[in-house]
Colleague: 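Sharing a structure below in structure tokens format, with a few things to ask.
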Amino acid sequence: MFDHHTAEFAADPWGVYRDLRERCPVAHSTAYEDGFWVLSRYADIRRCALDTETFSSEGGDLLIPAENPDRLLPVQADPPLATAYRKVIMPLFTASAVRAMRPDIERYTDETIDEFIERGECDLVADLALAVPGKVTMRLVGWPETDWPDVVLPIRDFSTYPADAPERLAAAEQLAGIRQRARDNIRQRATEPDTDVASMLVRGTVPHGTGSRALTEDEAVDIMMMVLFGGVDTTVAAIGNMLLYLETDPRLRARLGAEPELIPGAVDELLRYEAPVQGFARFVRADTEIGERVVATGDKVFLAWAAANRDPAVFDEPDTVRPERSPNPHLAFGIGAHRCIGATLAKVELEVVLRKALARLGEYTVRHTAVRPTPSCGTTFGRQRIPARFVPGPRSRATDNVR
Ligand code: HEM
């Protein structure tokens, strides 16, 4: 029976999906809640994600089992409201906004690498992958950069530990504090407007009747929490997965060093190959046939983006990494009304980290026996530890003046 929170699944999710796709592409599992459907074919997943009337994102947590009692927006709403929420925060994520962020992303990456470059060893997750998205997230919401561990570590723990783990219970308590901080920030901006996200949310409107209305305070908090949540464990996992894979494929790593123009394609391909977000659920609004099965009103359906990305009906040699793959219509960022709003930003973060890692950590080697997957890979597929060694190098100019 499909259970994406087990150690067996974490050991080889792609094998589990291959088996499902071949034997039972519309499978039913009773592992959690009242049971749920798992889709593993690209075409089925794409179709459901595009049909938001039948396959709704509204009605609860999109994780299986439902874990987060707090709502996140726009991800837990349907169009047209979801689209209106997206519009409010879109200015943060446009191509030009991301371009403007790039120098800071480069600086975050350099100063993070500076912390360990002279040692000749590091943990690619704890020492590198966590800090860069952490600082980017702080910059997005306009909170002090140095606060990143207070926000990012609870989000990471909440997203990667199983529901009953003590780490997760502790993280849930800290998250309540972060939610309160988001609320205080929004309340403050209602009287002292600025240019940050909280101010953007205070000014934000959504259609209402024949006109429009302001966001409620709860809606604003739910959107701010999504901005905080969206780019953390996803991007952390993606950085770790990418650096780990490249260490096992030295020819590709050397090629990317020699031909940096291949890096954007390689980033997309590595997101396809090991999708950080395994899948999200939808709530069925009308009895509908998928393949040879009928899913009923009220059922929950797991759209396994990670499985779609290995479907041989769409990707030639899906288990092989090919940076030149084109087109590469992978679903690591989802598809349709909820396609990841941070996709451009995430790809720039990954590109910058990859370029700097290739330039500064060179032919790093990983101690594979000490690599650990995240405690549960069912939601975010990533590694908790990737210890690595490399030839020590000098600190960058980014931090010379603060030594
Ligand atoms: C490699 C990194 C990332 C991956 C793999 C990823 C993946 C995803 C996926 C699969 C969805 C679709 C949800 C659905 O259809 O139900 C999504 C939505 C979203 N992501 Fe990302 N994401 C990443 C980075 C980011 C970043 C950096 C941000 C910035 C804050 C972000 C913010 C969001 C938001 C706000 C949504 C909700 C969009 C909506 O509901 O309209 N993500 N992401």
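Note that these values count all heavy atoms, side chains included, but never hydrogens, waters or copies made by symmetry. Read the numbers this way: they start at 1 and go in the same order the structure lists the ligands and their atoms.
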Colleague: Are a donor atom and an acceptor atom from the side chains of Glu269 and His330 found within less than 3.5 Å of each other?
Modeller: no
Colleague: When you compare ligand 1 with Val75, is there at least one nitrogen or oxygen pair between them that comes in under 3.5 angstrom?
Modeller: yes
Colleague: Just which atoms of ligand 1 are under 4.0 Å from any heavy atom in Leu62?
Modeller: 16 (O)
Colleague: Can you sort out which atoms of ligand 1 are near Arg282, meaning under 4.0 Å from one of its heavy atoms?
Modeller: 14 (C), 15 (O), 16 (O)
Colleague: For His330, which part has a heavy atom under 4.0 Å from ligand 1: side chain, backbone, both, or neither?
Modeller: neither
Colleague: Between Tyr85 and Asp222, is any side-chain donor less than 3.5 angstrom from a side-chain acceptor?
Modeller: no
Colleague: Quick test: of every protein heavy atom, which one is nearest to atom 27 (C) of ligand 1, and how far off is it to 0.1 Å?
Modeller: Gly231 CA, 3.4 Å
Colleague: If only atom types and distance count, is the side chain of Arg385 paired as donor or acceptor with the main-chain N or O of Thr374 below 3.5 Å?
Modeller: no
Colleague: Lys347 near ligand 1, heavy-atom distance under 4.0 Å?
Modeller: no
Colleague: Tell me the protein heavy atom at minimum distance from atom 20 (N) of ligand 1, and give that distance in Å.
Modeller: Cys340 SG, 3.2 Å
Colleague: Which atoms of ligand 1 are found less than 4.0 Å from any heavy atom of Ala337?
Modeller: 41 (O)
Colleague: Pull out every atom of ligand 1 sitting under 4.0 Å from any heavy atom of Val227, numbered as shown with elements.
Modeller: 30 (C)
Colleague: Less than 3.5 Å between some nitrogen or oxygen of Arg86 and one of ligand 1, yes or no?
Modeller: yes
Colleague: Taking only Lys NZ, Arg NE, NH1 and NH2, and the carboxylate oxygens of Asp or Glu, determine whether Asp184 and Arg181 approach each other closer than 4.0 Å.
Modeller: no
Colleague: Please work out which of Phe333, Phe93, Trp305, Phe280 has its closest non-hydrogen atom nearest to atom 13 (C) of ligand 1.
Modeller: Phe280
Colleague: Decide ring pair (Phe, Tyr, Trp, His ring centres under 6.0 Å) for Phe302 and His4; before the verdict, give the C-alpha distance in whole Å, the side-chain angles of both, and the deciding distance to 0.1 Å.
Modeller: CA-CA 11 Å; Phe302 186 68; His4 47 313; 4.8 Å; yes
Colleague: Which ligand 1 atoms does Val277 reach within 4.0 Å, using its non-hydrogen atoms?
Modeller: 7 (C)
Colleague: Hey, looking at atom 24 (C) of ligand 1, which of Val236, Val267, Thr234 has the closest heavy atom?
Modeller: Thr234
Colleague: Phe9 and Phe2: aromatic ring centres closer than 6.0 Å?
Modeller: yes
Colleague: To the closest 0.5 Å, what do you measure between CE (Met224) and CZ (Phe229)?
Modeller: 13.5 Å
Colleague: What atoms in ligand 1 come closer than 4.0 Å to a heavy atom of Ala332?
Modeller: 5 (C), 7 (C), 10 (C)
Colleague: Evaluate Asp51 against Thr54 for side chain to side chain donor-acceptor pair (under 3.5 Å), listing each step before the verdict.
Modeller: CA-CA 6 Å; Asp51 179 1; Thr54 314; 2.7 Å; yes
Colleague: Against heavy atoms of Gly334, which atoms of ligand 1 measure under 4.0 Å?
Modeller: 10 (C)
Colleague: State yes or no: are the ring centers of Phe280 and His338 separated by less than 6.0 Å?
Modeller: no
Colleague: Could you check atom 32 (C) of ligand 1 against the protein and tell me its nearest heavy-atom contact, residue, atom and distance included?
Modeller: Gly230 CA, 3.8 Å
Colleague: Kindly compute the distance separating CZ (Arg47) from OG1 (Thr288), expressed to the nearest 0.5 Å.
Modeller: 6.5 Å
Colleague: Of the choices Met242, Gln278, Met226, Met225, which has the non-hydrogen atom that lies closest to atom 36 (C) of ligand 1?
Modeller: Met226
Colleague: Run the ring-centre check on Trp305 versus Phe381 and record whether the distance is less than 6.0 Å.
Modeller: no
Colleague: Using a 4.0 Å heavy-atom cut-off, which part of His338 comes near ligand 1: side chain, backbone, both, or neither?
Modeller: both
Colleague: Consider ligand 1: state whether an atom of it lies below 4.0 angstrom from any non-hydrogen atom of Pro276.
Modeller: yes
Colleague: Aromatic ring centroids of Phe36 and Phe283 under 6.0 Å?
Modeller: no
